[in-house]
Amino acid sequence: MSLPQILFLVVGVITLGAAVAVVTSRNVLHSAFLLALTFFGVAVLYVLLDTPYLAAAQVLVYIGAISVLIIFAIMLSRKVAAPHLVQRNSQWLLSLIVAVLLFGVLAYLTLQAAWPAAKQALGVDAIGGLGEAFVGTYALPFEVVSVVLLVALVGAIIIARER
Amino acid sequence: MVPLSWFLILGAALFCIGVYGVLSRRNAIGILMGVELILNAVNINLIAFWRYRTPDQLTGLVFAVFVMAIAAAEAAVGLALIIAIYRTRNTVIVEDVDLLKM
Amino acid sequence: MNLIGLLSPELILLATGLLVLILDMAFHGKEGRREWLPFVAIAGLIVFLIAASFLWGTHTSLLSDMMAVDSFALFFKVVAGLSTLLVILASWDYFQGKTPYEGEFYGLLVLAALAITLAAASTDLIMVYLSMEFLSIGSYILVGYLREDPKSNEGAIKYFLYGAVASGIMLYGMSLVYGVTGTTNLAQIAQVFAAGKLTDDMLWLMLPALIMLLAGFGFKIALVPFHQWSPDAYEGAPTPVTAFLSVGPKAAGFAILMRVFLAAFPAFQLDWAAVLAAISMITMTLGNVVALKQTNIKRMLAYSSIAHAGYILIGFASVALDSPSLFNGVNGVLLYLLGYLFSNVGVFVAVIAFENATGSNQIPDYAGLIKRSPWLAGTLFVLLLSLTGIPATAGFLGKFFVFAAAINVQFYVLALVGIVNAAIAAFYYLNVARYMFFVPSQEESHIAIAPALAVALGVATFATLLIGLYPQPFIEFANQSVRLLGVF
Amino acid sequence: MTELYDWVRLIPLFPFLAFAIILLFTQRNQKLSTYLAWVGIGLSWLLGWTIVFRAIGDAHVLEEGFRAPIFSIPTGRGLLQLGFQVDALTTAMLFMVPFVCLMIFIYSKGYMHGDPRYSRFFAYISLFATGMLGLIVSDNLLLLYIFWEVMGLCSYLLIGFWYEKPSAMKAGLKAFITTRIGDVIMFLGMLLLYSTTGTLSFHEIFSEETLHFLKETTVWLPLVGTVSVAPVIAVLLFGGAVGKSAQFPLHVWLPDAMEGPTPVSALIHAATMVSAGVYLVARMFPIFALLPETASMSVVAFIGGFTALFAATIALAQDDIKRVLAYSTISQLGYMIAALGVGAYVAATFHLITHAFFKALLFLGSGSVIHGAGTQDMMEMGGLRKKMPITFWTFAAGMLALAGVPPFAGFWSKDEILAHAFEEFMHKGVVSWPFFVWLVLSLGALLTAFYMARQVFLTFYGETRSHHVHAHESPKVMTYPLIALAVFAVFLGFVGVPEEFPVLGPLFGHNLFHHIVGHGYPATPLNWGVMGLSVLLALTGLFLGWLVYGRNPLKEGQPDPMTKLGPVYTLLRNKYYIDEFYSKFIVRPAVALATLLFRFDNSWVIDPFVNLVGKVGAWLSDLGRIFDLNIIDGIVNGVAAVTAWFGKILRLTQTGKAQNYLLVAILTVLLLLGLYLYLPM
């Protein structure tokens with residue numbers, strides 16, 4: 001087993017373990033911190049996939065922004081998010097069965113295909129290319145995303161601002 | 001060398017964990033975390049496919065970046081809605097939010 | 001035409017939306033309501049429709065094949081513009097005193113219209129995803145706009161949670177499509193399949209991917225069983241938003257469904273057509289049957305709009321673009337959507353007028369409406385007839401075309417189920433008519449309708465009748481709009 | 001001068017204009033509304049008859065038809081031409097419809113006098129006339145269907161006109177929905193026809209090539225397999241006729257439709273709506289007759305014949321003067337449908353026309369009686385002959401025509417149907433539809449004469465059986481239309497006298513009617529035996545009626561002699577319990593199913609299930625704890641848990657949970673994926 005494989009397995013186990021803990025923990029705040037850990041694990045995977053730039057973005061956006069937002073929200077509603085409350089609903093068992101079956105189906109579908117085992121050489125300069133793509137090939141989606149962010153911002157303020 | 005299928009299985013697992021979280025958490029914020037897991041699973045898929053199948057183009061990479069941006073926008077709106085609900089109802093338990101039915 | 005010219009409708013919408021937001025901010029805190037803001041939005045929309053009309057007949061793709069400028073996209077530009085115009089008229093008096101952010105509402109609504117036009121024009125999975133999310137995020141905000149109303153909140157949070165998961169599933173499907181074909185461009189995806197170089201194990205992944213895409217599209221259209229958010233969101237949302245939701249995002253969902261499946265997956269038509277036919281039958285039956293039992297008119301209309309989505313889907317499940325017949329399916333979908341736009345928004349305008357005057361959404365409260373406001377009762381009656389599908393109204397034309405499309409490809413069972421459902425639907429639509437005309441009410445006071453609402457109601461009724469009585473130009477329009485870039 | 005025929009476009013327009021003007025402008029002014037409606041229908045009548053009398057002498061129009069296009073819809077295969085036309089069948093209908101409508105319009109002025117929604121009534125009947133006139137001049141099925149639905153809508157408005165009466169409202173809805181069931185089937189037939197031939201316009205469908213093409217084409221149907229397409233189209237289209245012409249089993253709306261004002265009953269039962277169904281079958285007759293050996297014709301013959309006898313028996317035991325006429329209408333429509341089923345195209349059309357005149361007369365006559373006597377119950381009437389002489393004499397003329405007594409109009413048309421059926425039966429033998437039709441219709445003729453005699457004797461003879469009936473003759477505006485219609489009821493039959501009939505035949509132009517509509521169909525030869533038998537049956541029926549009701553007129557409080565039939569009477573009086581059957585076996589299960597589905601979606605079948613699974617899980621984990629605690633406590637806890645669990649299951653109407661919704665969505669995806677993985681293996 002090569003080094004990258006070992007690294008993958010270690011990071012993968014940590015990521016999935018953290019993810020499982022996120023959805024099962026009784027304390028929502030713990031969930032939020034574990035979520036940040038999951039995000040970090042995914043960032044490491046991105047490094048394994050030769051995209052350190054994306055790993056940095058992952059850390060910035062997911063850990064720096066989304067996790068923090070979530071923790072804020074938990075703090076704001078802390079009274080009802082107290083650790084002693086049961087955090088799973090009445091359909092959890094059925095959900096578990098569904099999730100496991102879904103995983104079975106997806107895993108079967110992905111494994112039956114003959115995917116390439118090895119990477120090819122990287123054909124583009126990922127960071128520079130990405131920068132060019134956003135103002136070139138993907139200029140339109142880029143603009144759309146900026147408008148979406150604006151709308152989300154305006155909407156979030158309208159809905160959540162203190163009276 | 002890590003085979004592509006390993007990444008895909010990891011993505012599928014993360015996706016299903018997210019689905020379970022979405023279906024089973026009582027707390028709206030918990031459900032939102034499940035959604036974030038789903039989006040991360042998709043991103044793993046996208047980047048892995050990009051790296052192994054079309055490393056000479058940027059499509060998958062760009063797609064993943066856009067998904068991140070949209071995830072942030074979605075989280076902002078979602079959390080705003082959760083806070084609004086908390087203000088009017090004093091709860092973030094989704095099961096208890098069921099005035100509308102029939 | 002240069003890039004700016006080709007993009008001018010979208011740019012005008014963007015500018016209008018931002019202008020409304022900025023003007024609202026600039027005049028914040030001044031005396032009185034900023035009553036002229038809706039006029040800015042309306043003016044922008046009219047300019048948008050005019051600019052769009054200049055693109056009639058243009059067929060090209062823009063910005064590295066990210067979006068198409070074709071008749072199909074143009075049709076949905078018209079749908080988006082008209083429905084937003086009517087909804088703005090309908091919301092004129094609605095928000096007064098209900099929210100301090102009345103101005104922003106019009107800005108967000110115009111931006112939602114922009115999202116619909118982008119969705120209908122997207123020719124790349126990335127753009128499809130982004131424009132759908134654009135529309136979804138806008139819609140969540142609009143549904144939850146009355147933040148102090150628990151129902152509005154609740155509708156929004158349910159809509160949001162459902163939408164976020166549905167788009168996640170769809171995204172997973174998109175990642176599979178990308179993984180197998182190595183591209184996100186719809187035309188290139190089709191080329192990969194057409195080249196026939198994919199091995200069976202790869203092709204095997206495509207139908208699961210399509211099923212996952214369908215979850216996302218089905219959510220936008222509210223197809224059974226991805227429909228359950230819609231009655232709650234429709235009831236909870238401010239009524240003008242409900243009117244918008246029942247038309248705009250639904251049309252966008254259909255546009256995306258048709259373009260993606262036709263442009264990227266024609267190779268799998270046998271499979272998806274069968275699944276869509278089954279979903280269509282379930283959708284209209286469930287929508288109709290449950291609508292029978294509703295007493296809240298907004299919920300009734302929510303379920304009826306689910307049923308309408310089922311009828312419309314008949315057309316697409318029976319698509320046969322190469323058939324020499326007049327009924328190629330897609331034109332039926334377009335005609336249906338056009339008629340449905342006017343009839344359904346019209347009905348909602350009537351509901352808003354009634355709600356503004358009485359504060360009620362219960363069907364029994366419509367008793368004796370003919371005495372209290374003959375204009376309201378009369379127009380509502382015509383619009384309900386159109387939704388029922390009575391000849392000489394727009395609703396009949398759409399139903400005729402989609403049912404005929406099913407017959408055309410020998411989907412007899414589908415046509416039969418559709419027609420039986422159309423007959424069932426008469427019960428609950430006429431039930432409202434029964435209350436309005438035949439049940440006397442204790443309340444006798446006259447109902448006054450605000451001028452903006454009266455205009456919207458008149459326009460909707462007139463258009464409904466016009467399409468029904470003089471369908472020729474509209475059929476022509478729909479026939480032309482079937483032209484999808486790279487497909488037909 | 002073909003230009004005259006071009007004016008056919010205006011015929012439906014006049015009443016429509018009247019409708020629009022009355023509704024929009026003259027609601028307040030009753031007089032003006034009346035005159036507007038009169039002028040509208042009057043102009044249609046004048047123009048219609050001008051066209052009719054020109055067309056009669058114009059062999060080209062009768063054989064080929066004249067088409068006046070209105071607009072066209074571009075299609076993939078060319079143009080879908082929509083327009084109006086004049087041809088033989090249209091000519092015949094155009095002779096009847098506007099005139100009968102006009103009479104009813106005039107009559108309505110007297111009958112509706114003093115009604116609070118007087119103007120609106122005239123607006124509605126004008127629209128109704130628009131529907132019928134448009135229908136008969138349409139040159140294609142699509143336009144025909146549109147006018148057909150306009151009439152359906154009007155019937156809803158008119159039957160429910162006195163909506164203060166709950167029964168009227170219910171009857172209106174019943175008519176609308178029952179006929180809509182037929183319309184749905186008809187619409188399917190239309191679509192199938194269009195998808196097969198690519199056209200809906202009559203002259204294209206009936207062209208040699210298209211008919212030949214239809215003959216050769218087959219269609220695959222689930223359960224049935226591959227069959228010829230023409231009979232399928234024919235049977236589907238016939239579904240529309242069954243609904244509109246109130247044939248069994250969709251006849252239930254028509255008797256209830258008498259809840260509307262009587263002129264409406266006359267319109268619906270005589271001149272317009274019910275004729276539309278027969279007209280449709282007659283119009284599409286080439287398709288029915290394309291493959292005469294297949295099911296389509298036998299279905300038509302059977303339904304028609306059965307309805308004719310079935311409705312006639314019900315009419316025997318009704319006390320309501322309008323209800324008797326309603327069932328007699330159903331029965332007579334059965335005659336026409338059955339006639340078409342054995343190929344007697346000309347005879348059926350002829351009966352359609354004559355029947356419209358005398359049935360309109362009978363309905364208006366009954367309206368006059370109701371107007372004068374103030375009741376609809378024949379058991380309370382009696383002796384009205386002296387007080388309402390004009391009504392009596394005209395009603396008697398209608399009655400004799402309906403009973404089939406020579407030389408009244410109904411005799412000739414009914415006899416032609418019987419003669420044709422007999423002729424066919426002679427060809428095909430006893431085990432054939434024509435024999436069934438001949439037998440059933442002959443029996444029906446006897447019953448018809450009997451119940452009509454019963455009606456006349458109960459109403460006009462003897463003494464008044466109720467002290468609050470103070471009858472008086474109706475005003476002139478009502479009696480004049482009766483007289484006009486009576487003239488037709490007496491003499492109209494002469495246009496269809498068989499050619500061989502001594503004296504009368506040559507005198508009236510050698511079967512003029514056959515000359516008009518019968519192009520391409522051989523004339524039915526005169527059969528003295530059949531004619532003698534039908535006269536005998538009619539006279540026997542009348543005689544029996546006189547024996548039971550005329551010789552000793554019923555006194556007040558005396559029971560109807562029909563009650564002596566015992567259970568048969570009860571069965572007939574309750575109309576074979578068909579309404580009850582529908583209510584119990586169709587309406588109620590449908591409502592129950594709706595409730596069930598509703599529960600499934602909302603009160604959540606899945607929710608209890610989800611909770612069950614969840615609770616079982618929690619319960620199992622509790623079990624371990626229960627064992628640890630002391631036994632008594634454990635039992636108490638267990639019982640409490642189980643009770644709470646049951647309580648929760650029973651209380652499971654909690655809904656509106658977003659995650660339940662999501663579970664369904666994801667389950668669906670999973671199910672579809674699973675199905676996909678499973679199926680190819």
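Chain letters run A, B, ... following the sequence lines, proteins first, then strands; residues in each count from 1.
- Annotation: the span from B:Ser24 atom OG to D:Leu662 atom CG amounts to 11.5 Å, rounded to 0.5 Å.
- With a 4.5 angstrom heavy-atom cutoff, D:Ile666 touches chain B only via side-chain atoms.
- With a 4.5 Å cut-off on non-hydrogen atoms, B:Val19 touches chain D through its side chain but not through its backbone.
- Legend: salt bridge (Lys or Arg N to Asp or Glu O under 4.0 Å) pairs involving residues 37-49 of chain B, not counting sequence neighbours: none detected.
- Inter-residue side-chain proximity for B:Ile31 and D:Gln659 is flagged as met; some heavy-atom pair is nearer than 4.5 Å.
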